[in-house]
**Q** 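The structure that follows is given in the form of structure tokens.
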Amino acid sequence: MTREQARIEIERLSALLHHHNYRYYSLDDPQISDQEYDHLLRQLQALEDQFPDLKTEDSPSQRVGAAPLSAFAEAQHLQPMLSLDNAFSDGEVEDFDRRIRERLNRRDPVAYVCEPKLDGVAVSLLYRNGCLERGATRGDGRSGENITANVRTIAAIPLRLQGDAIPTAVEVRGEIYMPRTGFEQFNDDARARGEKTFVNPRNAAAGSLRQLDSKITAARPLSIFAYSVGYTEGWGDMPASHLDMLARLKAWGLPVNPLIRVANTLDECFEFYESIASLRDTLEYDIDGIVYKVNDLTLQERLGFVARAPRWAIARKFPAQEMTTTLLDVEFQVGRTGAVTPVARLEPVFVGGVTVSNASLHNRDEIERLGVYIGDRVIVRRAGDVIPQIVRVVEEERSTHVRPIIFPEHCPVCGSPVEKSGSEAIMRCSGGLVCAAQRKEAIKHFASRKAMDIDGLGDKLVEQLVDAGLVASVADLYQLDKSRVASLERMADKSAENLLAAIAASKNTTLPRFLYALGIREVGEATAQGLAVHFGSLEALASASEDALQDVEDVGPVVAYFVREFFDASDNLAIIDALRRAGIHWPEMAKPDAASQPLKGQTWVLTGTLETMGRAEAKDKLVALGAKVSGSVSANTHTVVAGPGAGSKLTKAEALGIRVFDETAFLSFLKEQKQ
DNA sequence: CTACCTCGAGCTCA
DNA sequence: CTCGAGGTAG
């Protein structure tokens with residue numbers, strides 16, 4: 001066969017395979033058998049092997065996985081991936097609908113698209129000019145992990161969108177899942193080989209996507225349903241409704257859930273919920289509820305967003321699955337602030353896809369409310385998807401052997417009296433740093449990532465260090481010597497060296513981190529940042545009065561009181577002193593003065609995508625220079641920074657005669673400011 | 001809270 | 001091989 005003949009044949013086979021992929025995954029209506037499909041695929045692979053230079057990036061043969069990665073890169077979403085508000089009853093859906101109609105000032109019913117809510121892993125697929133360029137996990141909504149190589153191995157995900165009228169760029173959002181039959185097949189095979197199995201399809205999907213070696217992912221039965229789009233560019237004619245958009249996704253070759261319907265009234269929404277609930281067990285995938293979305297996209301735009309969720313959508317959750325188990329015992333844990341928390345030890349029970357063996361009982365009031373005794377049969381569920389909760393006691397099954405839960409009057413760790421503080425429901429150990437539990441928790445907090453970030457100093461090691469008497473306070477960390485550390489279990493020379501190096505590295509820090517690390521009550525990351533910026537130095541903060549403290553944004557009487565109390569305690573001052581003498585230091589906080597804030601009073605707007613930095617990074621840089629960064633262009637806007645793909649904001653800025661920087665101009669501007 | 005993946009290092013045994 | 005730590009997801 002000549003090269004030219006091969007080229008034509010490869011093209012023919014590729015088109016054929018693309019077509020059958022579409023029939024199979026998007027339309028769920030295959031025209032050929034799996035064997036015939038495999039046969040075509042093998043023919044293509046054989047030809048590509050013979051003429052490797054004819055192999056294309058989006059060839060249907062390219063689903064076998066690429067070379068392993070050493071780590072996942074970060075992937076910025078061009079438009080954030082939001083979460084959804086939840087509704088747990090029809091009433092809450094009615095409230096949702098009422099809010100929407102009030103906001104839109106309309107009496108008529110609003111049409112909603114109803115979708116089964118898959119319990120899988122959310123992903124964003126970026127297609128540029130129809131080609132799959134990147135796949136990313138949700139992450140914090142702003143940026144996630146780049147899992148392109150893994151995503152490319154999923155047969156249901158088109159490597160190239162089909163049809164015309166494809167936007168030049170589009171982020172397709174969907175849920176990757178492992179079909180139930182595939183999951184069971186995989187587990188059966190794994191068992192037969194003596195390998196470990198997955199507990200549920202969701203974890204199987206998530207675990208498969210987290211493989212650095214995409215060849216492993218390629219061997220996992222994964223699929224996807226697409227349900228919306230994020231960022232788009234060069235769309236041509238926009239869809240008018242959500243349903244229209246789903247139809248386009250389907251036409252492009254992406255699988256869309258066939259059960260999706262439009263409901264024209266609330267009653268139809270409820271009917272949909274009921275019908276899906278009754279189908280639930282027969283579906284090939286796990287679902288945990290229904291999503292209702294306003295169908296009309298103009299209405300969606302008018303409704304907009306609150307915090308991290310759209311106003312125009314809500315997830316109606318199915319009731320949490322409940323199971324009965326036995327309360328074996330109650331232990332009392334002492335936290336960093338001395339809070340004594342009762343924790344239920346349960347006979348392990350499989351509920352909502354995981355094995356639950358612990359559940360917090362929160363406080364004494366909760367125990368009383370439940371009227372629970374040790375030895376009782378109790379009903380457990382996973383509230384809000386994650387946190388296990390004891391719902392109630394099965395009193396009919398109470399045996400004569402139960403015993404009451406006695407809330408301790410003395411700390412189970414240090415023996416100090418346990419006190420009720422003010423109107424709080426919580427009880428606290430009064431031992432302070434005398435209490436080994438509080439000391440351990442304080443050290444764990446100090447070492448944690450967002451605090452001093454001491455690598456390798458985890459829970460177990462802190463326990464060991466404190467129990468061995470090597471460390472009593474955070475200051476002692478900086479006096480450790482290698483031979484003593486190496487005497488601990490599972491700590492040989494190498495580990496000890498690494499630990500000491502990590503501790504030494506933590507000396508170089510920042511004031512906000514240090515403040516947060518101190519573990520002052522009610523002072524979290526954000527408050528620590530606020531205090532540091534406002535006062536500029538530890539000395540100024542430590543000597544500030546409660547009144548002066550309340551001048552800081554978001555600091556009220558409560559926080560001010562705890563900060564003052566902390567710096568009034570001589571123990572704390574001694575520890576801070578020891579830490580500073582050990583060499584902990586931070587750069588001076590730049591006093592926000594006119595010189596360092598040349599953009600004070602200016603409002604900047606970012607639009608499009610910058611190639612050399614993320615949007616958040618650009619924003620940080622501008623804020624640091626004193627600018628306010630806003631989302632929309634108005635007459636008050638000082639400058640617009642427009643990356644490639646800028647849309648209406650750019651047009652508006654030009655219309656208003658506002659200065660516009662492209663990326664190059666923006667970068668050189670930043671450079672000028674730096675000096 | 002639980003499950004999963006990945007890594008480095010220690011322990012165990014040949 | 002096992003353990004602990006660090007990270008991710010829902």
Side-chain angles (χ1 to χ4, degrees), chain A residues 68-75 81 83-84 86 117-124 136-141 143-147 150 175-178 183 186-187 190 195-214 216-217 220 286-289 315 317-318 320-321 333 341 343-346 348-362 380-390 444 447-451 453-465 485-499 501-502:
Chain A
L69 304 167
S70 55
F72 295 118
E74 184 189 309
M81 289 181 83
S83 47
L84 291 176
N86 290 324
K117 185 173 192 301
L118 263 75
D119 191 12
V121 183
V123 291
S124 181
T137 61
R138 179 175 200 295
D140 61 5
S143 64
E145 285 179 320
N146 185 327
I147 53 165
N150 289 343
E175 196 85 357
I176 290 181
Y177 66 96
M178 187 178 284
F183 165 74
F186 178 86
N187 270 359
E195 290 166 11
K196 64 181 166 49
T197 55
F198 289 108
V199 293
N200 61 44
R202 201 205 75 77
N203 284 351
S208 301
L209 288 178
R210 294 200 50 71
Q211 298 289 337
L212 290 175
D213 183 353
S214 54
I216 300 177
T217 313
R220 303 281 170 85
D286 286 348
I287 55 176
D288 57 2
K317 299 294 214 126
F318 290 131
Q321 192 201 347
Q333 279 178 359
T341 311
V343 178
R345 303 290 172 211
L346 302 163
V349 59
F350 196 69
V351 49
V354 299
T355 305
V356 168
S357 40
N358 306 302
S360 171
L361 283 165
H362 304 106
V380 174
R381 72 162 168 232
R382 296 213 299 148
D385 287 341
V386 264
I387 317 292
Q389 187 185 34
I390 295 182
K444 287 176 200 172
S448 65
R449 194 155 72 100
K450 289 171 175 173
D453 194 17
I454 303 178
D455 218 49
L457 183 52
D459 285 16
K460 297 278 169 175
L461 195 46
V462 170
E463 301 276 337
Q464 285 190 73
L465 288 166
V485 173
S487 69
L488 297 172
E489 213 178 305
R490 274 197 163 266
M491 286 294 285
D493 277 12
K494 183 70 180 162
S495 298
E497 264 169 40
N498 289 347
L499 177 65

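Note on naming: letters A, B, ... go to the chains in the order of the sequence lines (proteins, then strands), and numbering restarts at 1 for each one.
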**Q** Just call it for G120(A): base, sugar-phosphate, or nothing, with non-hydrogen atoms closer than 4.0 Å on any strand.
**A**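 Answer is sugar-phosphate: G120(A) comes under 4.0 Å of backbone atoms only.
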
**Q** Go through dT8(C), dC4(B), dA9(C) for me and flag the one nearest to the E145(A) side chain.
**A**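 So the nucleotide nearest the side chain must be dT8(C).
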
**Q** OP1 or OP2 of dC5(B) versus the side-chain N and O atoms of K196(A): is any pair under 4.0 Å?
**A**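 Looking at the OP1 and OP2 atoms of dC5(B), one of them is under 4.0 Å from a side-chain N or O of K196(A).
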
**Q** Using whole Å, what does the distance between atom P of nucleotide dC1(B) and atom CZ of F350(A) come to?
**A**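 Atom CZ in F350(A) sits about 18 Å away from atom P in dC1(B).
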
**Q** Which nucleotide sits closest to the side chain of R449(A): dT6(B), dG10(C), dG7(C)?
**A**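 So the side chain of R449(A) is nearest to dG7(C).
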
**Q** In whole Å, what is the span from the CG atom of L212(A) to the C1' atom of dG7(C)?
**A**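 Distance, rounded to whole Å: 12 Å.
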
**Q** Using a strict threshold of under 4.0 Å (side-chain N to carboxylate O), is an ion pair present between K117(A) and E175(A)?
**A**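 Looking at K117(A) together with E175(A), the answer is no, because their closest N to O distance does not fall below 4.0 Å.
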
**Q** Compare side-chain N and O positions of N358(A) against OP1 and OP2 of dT2(B) and report whether any pair is under 4.0 Å apart.
**A**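 Looking at the OP1 and OP2 atoms of dT2(B), one of them is under 4.0 Å from a side-chain N or O of N358(A).
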
**Q** For G139(A), report the nucleic acid contact type (base, sugar-phosphate, nothing); a contact means any heavy atom under 4.0 Å.
**A**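 Sugar-phosphate only.
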
**Q** What nucleotide among dA3(B), dC5(B), dG7(C) has an atom nearest to a side-chain atom of F198(A)?
**A**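 Of all the options, the side chain of F198(A) is nearest to dC5(B).
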
**Q** Measuring to OP1 and OP2 of dT8(C), would you say a side-chain N or O of T137(A) lies under 4.0 angstrom away?
**A**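 Looking at the OP1 and OP2 atoms of dT8(C), neither is under 4.0 Å from any side-chain N or O of T137(A).
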
**Q** Can you tell which of dA5(C), dG10(C), dC11(B) lies closest to the side chain of R490(A)?
**A**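 My answer, after comparing the listed nucleotides, is dC11(B).
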
**Q** If you check the A122(A) side chain, which of dA3(B), dT8(C), dG10(C) turns out closest?
**A**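 Given the options dA3(B), dT8(C), dG10(C), the side chain of A122(A) is closest to dG10(C).
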
**Q** If you check the V386(A) side chain, which of dC1(B), dT8(C), dT2(B) turns out closest?
**A**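 Out of dC1(B), dT8(C), dT2(B), the nucleotide with an atom closest to V386(A)'s side chain is dC1(B).
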
**Q** NA contact type, A492(A), heavy-atom cut-off 4.0 Å: base, sugar-phosphate, or nothing?
**A**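 Sugar-phosphate only.
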
**Q** Figure out the CD1/P separation between I216(A) and dC5(B), and round it to whole Å.
**A**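 Taking CD1 of I216(A) and P of dC5(B), I get 9 Å after rounding.
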
**Q** Whole Å only: how far is the NZ atom of K494(A) from the C1' atom of dA9(B)?
**A**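 Checked: the NZ to C1' distance equals 9 Å.
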
**Q** Tell me the interatomic distance from N200(A), atom CG, to dA3(B), atom P, rounded to whole angstroms.
**A**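 Nearest whole value for this atom pair: 9 Å.
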
**Q** So does S495(A) get a side-chain nitrogen or oxygen closer than 4.0 Å to the phosphate oxygens (OP1/OP2) of dG8(B)?
**A**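 False: S495(A) side-chain N/O out of range (4.0 Å or more) of dG8(B) OP1/OP2.
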
**Q** Any salt bridge between K317(A) and D288(A), counting N to O under 4.0 Å?
**A**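 Looking at K317(A) and D288(A), the cut-off is met.
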
**Q** Could you walk me through whether F198(A) and F186(A) satisfy the ring-ring contact (aromatic ring centres under 6.0 Å, His included) test, starting with their C-alpha distance in whole Å, then the side-chain angles of each, then the deciding distance to 0.1 Å, before giving a yes or no?
**A** CA-CA 9 Å; F198(A) 289 108; F186(A) 178 86; 5.6 Å; yes

**Q** From dT2(B), dG4(C), dA9(B), pick the nucleotide closest to the side chain of V356(A)?
**A**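 Minimum distance to the V356(A) side chain belongs to dT2(B).
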
**Q** Using heavy atoms to find the nearest nucleotide of DNA chain B for S208(A) and I387(A) separately, return the residue whose nucleotide is more 5′.
**A**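 Closer to the 5' end of DNA chain B: I387(A).
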
**Q** Step by step, would you call E489(A) with K460(A) a salt bridge (charged side-chain N to carboxylate O under 4.0 Å, His left out)?
**A** CA-CA 10 Å; E489(A) 213 178 305; K460(A) 297 278 169 175; over 6 Å; no

**Q** How would you label the contact of L69(A) with the nucleic acid (heavy atoms, under 4.0 Å): base, sugar-phosphate, or nothing?
**A**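 Nothing, no heavy atom under 4.0 Å.
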
**Q** Using a heavy-atom cut-off of 4.0 Å across all strands, would you classify S357(A) as base, sugar-phosphate, or nothing?
**A**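 Sugar-phosphate contact only.
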
**Q** Quick check for you: to the nearest 0.5 Å, what is the distance between Q321(A) atom CD and R382(A) atom CZ?
**A**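 Interatomic distance, Q321(A) CD to R382(A) CZ, rounded to 0.5 Å: 9.5 Å.
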
**Q** For residues V485(A) and L499(A), determine if any side-chain heavy atom of one lies less than 4.5 Å from a side-chain heavy atom of the other.
**A**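 Yes, side chains in contact.
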
**Q** Rounded to whole Å, please give me the gap between CD in Q211(A) and P in dC7(B).
**A**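 Interatomic distance, CD of Q211(A) to P of dC7(B): 11 Å.
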
**Q** Whole angstroms only, please: what is the CD-P distance between Q321(A) and dT2(B)?
**A**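 The distance from CD of Q321(A) to P of dT2(B) comes to 15 Å, rounded to the nearest Å.
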
**Q** Where the side chain of P388(A) is concerned, which of dT8(C), dC1(B), dG10(C) is the nearest nucleotide?
**A**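 Looking only at heavy atoms from C-beta outward on P388(A), the closest nucleotide is dC1(B).
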
**Q** Consider the side chain of D455(A), meaning its heavy atoms from C-beta on, and name the nucleotide among dG6(C), dC4(B), dT2(B) that approaches it most closely.
**A**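 Closest nucleotide to the D455(A) side chain: dG6(C).
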
**Q** Of the listed nucleotides (dT6(B), dA3(B), dG10(C)), which one gets closest to any side-chain atom of V121(A)?
**A**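 Minimum distance to the V121(A) side chain belongs to dG10(C).
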
**Q** Starting at CG of N203(A) and ending at C1' of dT8(C), how long is that distance when rounded to a whole Å?
**A**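 Atom-to-atom, N203(A) to dT8(C), this comes out as 11 Å.
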
**Q** Out of curiosity, N150(A) CG to L212(A) CG, how far, rounded to the nearest 0.5 Å?
**A**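 Separation between the atoms: 8.0 Å.
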
